[in-house]
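What you see below is based on every heavy atom in this structure, not just the backbone, and it leaves out hydrogens, waters and symmetry mates.
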Amino acid sequence: MGQANALPETTAGRNRERPQLRERVMKIWRRNKLLWLLFLPCLLYYLIFKYLPMFGLVITFKDYNLFKGIWASSWVGFKYYRMFLENPDFLLLMKNTFLLGLYRLVFGFPAPILLAILLNEVRKASFKRLVQTVSYLPHFISNVIVASMVIMFLSPTGGLINNLLGGLGIGPVNFMNEPGFFRIIYVLSEIWQHIGWETIIYLAALTAIDPQLYEAAEMDGAGRLRRIWHITLPGISPAIVITLILNIGQVLEIGFEKVFLMQNPAIYETADIISTYVYRVGMQQGNFSYGASIDLFMGVISLVFIYSANWISRRISETSLW
């Protein structure tokens, strides 16, 4: 009897809570409607260009024919996934992609942190603004222009680098045709192009550190390096951890444009990566199902990477994405 009486009371309670919840939602909407309107373009962007295209992933399990359409194309299951795993170039493509992403993470990730710390130590405001402006500008240069600049600077005939080497008595080196140089050139160009822009995150995190901590440490006799180690780095550690987790998830997501523009058949040994291979087989050869399967396969691996990095961070620290 007690349970029978409790059920209607629970239902009635839920019915009373629904109008209250609706009123709270409407109150929040009325209070923040301008902010929601500002957020609307961002929401539409992700819905239209990120989520709706996921419908097309069904072609990875079909022998997609452009003229038949998605639904009329025949199902093939995991045929294209097996084809990629059995591809003789699979290990080489994975190796090139992983190493390029790993080098970018190892050498490119600490660079903006170091620059932010150095800028934080600068006391002359005009010089600090100049360095920030100069370091930000390359981020807004097109990858096409950056790749062209790299090729021009490294040209064996009249390139700036080879002219300097010639002054030292070293013969011209065709950097862009040597497989061993490609990863170094790519990583250095990535650092130069994005170091200033990525510094913004850490400069913002540095503003949250209480200046009194530096004053107290200085009064206690702590030098500049000790203040950086014991105050600056712990103060921006949450931003560092979050950014590191996101970067680990993007280890295999190497930008297509710059690699494609800088590579040539002579350096495929180190420069041919997953995204350029997908372009050749998916776009140039018209095998859309195969290209989409490879892309989805890499997306799943990236998801595993970011989930694992977040799980490890949650176990060993108090900072994580979720």
**Report entry** Chi angles and distances behind the side-chain contact (heavy atoms from CB on, under 4.5 Å) call for Ile141, Trp192
**Finding:** CA-CA 11 Å; Ile141 301 177; Trp192 172 78; 4.2 Å; yes
Query raised in the report: Leu119 and Gln132: side-chain contact (heavy atoms from CB on, under 4.5 Å), yes or no, with the steps?
Result: CA-CA 8 Å; Leu119 288 174; Gln132 287 179 286; 3.7 Å; yes
Query raised in the report: Taking Asn32 for the side chain and Leu35 for the main chain, is one N or O donor matched with an acceptor at less than 3.5 Å?
Result: no
**Report entry** Result of checking Asn120, Ile240, Leu114, Leu115 against Tyr202 for side chain to side chain contact (heavy atoms under 4.5 Å, CB included)
**Finding:** Ile240
Query raised in the report: Should the pair Trp36 and Trp29 be assigned to parallel (<30°), tilted (30 to 60°) or perpendicular (>60°) ring geometry?
Result: tilted
Query raised in the report: Can you name the nearest heavy-atom pair linking Pro112 to Ile195, along with the distance?
Result: CB-O, 3.7 Å
Requested in this report: State whether a side-chain donor-acceptor pair under 3.5 Å links Asn96 with Arg183.
Outcome: yes
Query raised in the report: Between Ala266 and Pro179, what is the shortest heavy-atom contact and its length?
Result: O-CG, 3.8 Å
**Report entry** Side-chain touch Val150/Phe175, heavy atoms, less than 4.5 angstrom
**Finding:** no
**Report entry** Whether over 12 other heavy atoms sit under 6.0 Å from Arg226 CZ
**Finding:** no
Report task. Apply ring-ring contact (aromatic ring centres under 6.0 Å, His included) to Phe67 and list each qualifying residue two or more places apart in sequence or on a separate chain. Result -> none
Query raised in the report: Aromatic ring centroids of Tyr46 and Tyr51 under 6.0 Å?
Result: no
Report summary line: Heavy atoms of Gly235 and Ile209 approach each other most closely as CA-CD1, 3.9 Å
**Report entry** Distance-minimising heavy-atom pair for Met262 and Ala147
**Finding:** CG-CB, 3.9 Å
Query - Pairwise side-chain contact, Leu105 with Leu244, heavy-atom cut-off 4.5 Å (strictly under) - result: yes
Report summary line: Which of Leu92, Leu100, Leu93 passes side chain to side chain contact (heavy atoms under 4.5 Å, CB included) with Ile273? It is Leu100
Query raised in the report: Under 3.5 Å, side chain of Lys62 to main-chain N/O of Ser73, donor-acceptor pair present?
Result: yes
**Report entry** Whether over 12 other heavy atoms sit under 6.0 Å from Leu38 CG
**Finding:** yes
Query raised in the report: Just by modelled atom types, is the Ala204 backbone N or O under 3.5 Å from a matching donor or acceptor in the Thr207 side chain?
Result: yes
Query - Shortest non-hydrogen separation from Leu52 to Ile48 and the atoms involved - result: CB-O, 3.8 Å
Query raised in the report: Is it the case that Arg280 places NZ or CZ above or below the six-membered ring of Tyr268, under 6.0 angstrom from the centre and within 45 degrees of the axis?
Result: yes
Query raised in the report: Is there a donor-acceptor pair under 3.5 Å between the side chain of Asn247 and the backbone N or O of Thr243?
Result: yes
Query raised in the report: Under 3.5 Å, is there a donor-acceptor pair between the side chain of Ser148 and the main chain of Val144?
Result: yes
Query - More than 12 heavy atoms of other groups within 6.0 Å of Gln284 CD - result: yes
Query - Pair Gln193, Asn143: side-chain N/O donor-acceptor within cut-off below 3.5 Å - result: yes
Requested in this report: Measure from the side-chain N and O atoms of Thr97 to the backbone N and O of Leu252, and report whether any donor-acceptor pair falls under 3.5 Å.
Outcome: no
Query raised in the report: Cluster question for you: counting only ILVMFWY and a side-chain heavy-atom cut-off of under 4.5 Å, with indirect links fine, are Val251 and Leu296 together?
Result: yes
Query raised in the report: Is there a chain of hydrophobic side chains (I, L, V, M, F, W, Y, each step under 4.5 Å between heavy atoms) that links Phe140 to Ile200?
Result: yes
Requested in this report: Nearest 0.5 Å please: distance from the CG atom of Leu130 over to the OG atom of Ser126.
Outcome: 8.0 Å
Report task. Give the C-alpha distance, both sets of side-chain angles, the deciding distance and a yes or no for side-chain contact (heavy atoms from CB on, under 4.5 Å) between Phe182 and Val259. Result -> CA-CA 9 Å; Phe182 176 78; Val259 176; 3.9 Å; yes
Requested in this report: Supply the atom-to-atom distance Glu218 CD to Ile231 CD1, rounded to the nearest 0.5 angstrom.
Outcome: 10.0 Å
**Report entry** Single-linkage hydrophobic cluster Ile117~Val131, side-chain heavy atoms < 4.5 angstrom
**Finding:** yes
Query - Exercise: identify the closest heavy-atom pair between Arg104 and Gln250 - result: NH2-O, 2.9 Å
Report task. Please answer: with hydrophobic residues joined when any side-chain heavy atoms are less than 4.5 Å apart, are Met283 and Leu66 in the same cluster? Result -> yes
Query - Within the 6.0 Å centroid threshold, strictly below: Tyr81 and Phe297 - result: no
Query raised in the report: Under the criterion side chain to side chain donor-acceptor pair (under 3.5 Å), which of Tyr290, Trp75, Tyr80 is the partner of Asp63?
Result: Tyr80
Query raised in the report: Should Met94 and Met298 count as side-chain neighbours, where that means a heavy-atom distance under 4.5 Å?
Result: yes
Query - In one Ile/Leu/Val/Met/Phe/Trp/Tyr side-chain cluster, 4.5 Å: Met54, Ile59 - result: yes
Query - Six-ring centre of Tyr186, Lys258 cation under 6.0 angstrom, axis tolerance 45° - result: yes
Query - Glu121 atom CD: more than 12 heavy-atom contacts under 6.0 Å - result: yes
N/O donor-acceptor pairs under 3.5 Å from side chains in residues 161-173, not counting sequence neighbours:
from, atom 1, to, atom 2, distance (Å)
Asn162, OD1, Val173, N, 2.6
Asn162, ND2, Leu154, O, 3.3
Asn162, ND2, Ser155, O, 2.9
Asn162, ND2, Val173, O, 3.1
Asn163, ND2, Gly158, O, 3.4
Asn163, ND2, Gly159, O, 3.3

Query raised in the report: Step by step, would you call Ile294 with Thr60 a side-chain contact (heavy atoms from CB on, under 4.5 Å)?
Result: CA-CA 9 Å; Ile294 298 172; Thr60 63; over 6 Å; no
Query raised in the report: How are the rings of Phe256 and Tyr279 set to each other: parallel, tilted or perpendicular (split at 30° and 60°)?
Result: tilted
